[in-house]
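For reference, positions follow the sequence shown, starting with 1. Every number for a ligand or one of its atoms is a count from 1 in the order of the listing.
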Amino acid sequence: MTDQKFRVFSGVQPTGNLHLGNYLGAITKFVALQESHECLYCVVDLHAITVWQEPKELEHNIREVTATFIASGIDPKAHIVFNQSRVSGHAELAWIFNCVARMGWLNRMTHFKEKAGKHRENASVGLYSYPNLMAADILLYRATHVPVGDDQKQHLELSRDIAQKFNTDFSGSIARRGFDETFFPLPEPLITGPATRVMSLRDGSSKMSKSDPSDMTRINMMDDADAIAKKFRKARTDPEPLPSEEAGLKDRPEAENLVGIYAALAGIAREEVLREFGGGQFSSFKEELTGIAVEKLGPIGAETKRLMDDPAHIDAILSDGAARARVIAEPILRQTKEVIGLLTD
Ligand code: ATP
Ligand code: MG
């Protein structure tokens, strides 16, 4: 029961246009991990509603994230793809974790501070407690590995703190029931490669985001070749030529970002990119960057569109994935309740 070795869980919010940051920071890792691990990939719709979503758009976005997963190479038969709200255990375990996590822990979350900004008093309670739901997403399956972008590092640490506190607070009850003392594993973040934090094309100090109001800040997965070319052409850079070595990228966040994107798309190290383009102007580098981005994203965008023409097929995938997710989640949630002292059927 608690002895399963590796299980991968990760999620993407259906909050709008998926972008190059999501692809390089998360989805490409999801695809690669399928080779060696049992994986659950979740469209985290309950996270999306922590900020207002237009219901029709939300429906569309849930299907579009699913279609993008599949178009990118995630296999929903060999692994599990589903939308979070279909498995009620996520919300139930999140409530339990609301009672485990401490106010002081959540008060430290920089993500909330950034997202709520000046309108803190007006932010939803859900946006504040979102990291507890994220811990529940992972631990509902006793997942051990979580591929995410760099921006989720702090939330993963919180998930580990929650797992640890639960295991300690209930250690007596856990032992009495004959469970392993690590009732919940401490999940490991997998944050690797040259593009773990893709930055906005207009501002090298802020992350590329779905929720950024300006479309020029990001390359969307569904952008056509013209849009990709235009966005890279207008991407902010500095007046110096590209450096020939990595040290030359220091204090040049926009240059560093574009080099990281190229390296990740080409599957090579940043040094290699600089060896090839060092000393050159951004204009010609940007043309090469456009070429490789179109080559990678074009077929995924086209396949996503094709899948979106058959929403019933996507819905069937999500429904089947949720049924299989429930089979894993139900005993873990029941055991969790028993450990706490809640009576179950
Ligand atoms: P939102 O602005 O609505 O929060 P988002 O772009 O941050 O959207 P999420 O759905 O929150 O996207 O994140 C999905 C996954 O993509 C997470 O693993 C996250 O770490 C990763 N990710 C998001 N943005 C980037 C980025 N700019 N670079 C690398 N990874 C990213
Ligand atoms: Mg995000």
Report task. Establish, yes or no, whether the cationic atom of R176 lies under 6.0 Å from the six-membered ring centre of F170 and within 45° of the ring axis. Result -> no
Report task. Applying salt bridge (Lys or Arg N to Asp or Glu O under 4.0 Å), name anything that partners R86, two or more places apart in sequence or on another chain. Result -> none
**Report entry** salt bridge (Lys or Arg N to Asp or Glu O under 4.0 Å) partners of K153, counting only residues at least two apart
**Finding:** none
Query raised in the report: Could you walk me through whether Y141 and H90 pass the ring pair (Phe, Tyr, Trp, His ring centres under 6.0 Å) check?
Result: CA-CA 10 Å; Y141 305 97; H90 289 256; 5.5 Å; yes
Report task. Just jot down the salt bridge (Lys or Arg N to Asp or Glu O under 4.0 Å) partners of E157, sequence neighbours excluded, or say none. Result -> none
Requested in this report: Decide, yes or no, whether a salt bridge links K337 with E92 under the criterion of side-chain N to carboxylate O below 4.0 Å.
Outcome: yes
Please tabulate, one line per pair, the protein N or O atoms found under 3.5 Å from any N or O atom of ligand 1, giving the distance to one decimal.
residue	atom	partner	partner atom	Å
ligand 1	2 (O)	S209	OG	3.3
ligand 1	2 (O)	S211	N	3.3
ligand 1	2 (O)	S211	OG	2.6
ligand 1	3 (O)	T15	OG1	2.9
ligand 1	4 (O)	Q13	NE2	3.3
ligand 1	4 (O)	K115	NZ	2.6
ligand 1	6 (O)	H19	NE2	2.7
ligand 1	6 (O)	N22	ND2	3.4
ligand 1	6 (O)	K210	N	3.2
ligand 1	7 (O)	K207	NZ	2.7
ligand 1	8 (O)	K210	NZ	3.2
ligand 1	10 (O)	Q13	N	2.9
ligand 1	10 (O)	K210	NZ	2.6
ligand 1	11 (O)	Q13	NE2	3.0
ligand 1	12 (O)	N22	ND2	3.1
ligand 1	12 (O)	K210	NZ	3.0
ligand 1	16 (O)	N22	ND2	3.2
ligand 1	18 (O)	G149	N	3.3
ligand 1	20 (O)	G149	N	2.8
ligand 1	20 (O)	D151	OD1	2.6
ligand 1	24 (N)	K207	NZ	2.7
ligand 1	27 (N)	V198	O	2.7
ligand 1	27 (N)	M208	O	3.0
ligand 1	28 (N)	V198	N	2.8
ligand 1	30 (N)	G21	O	3.2

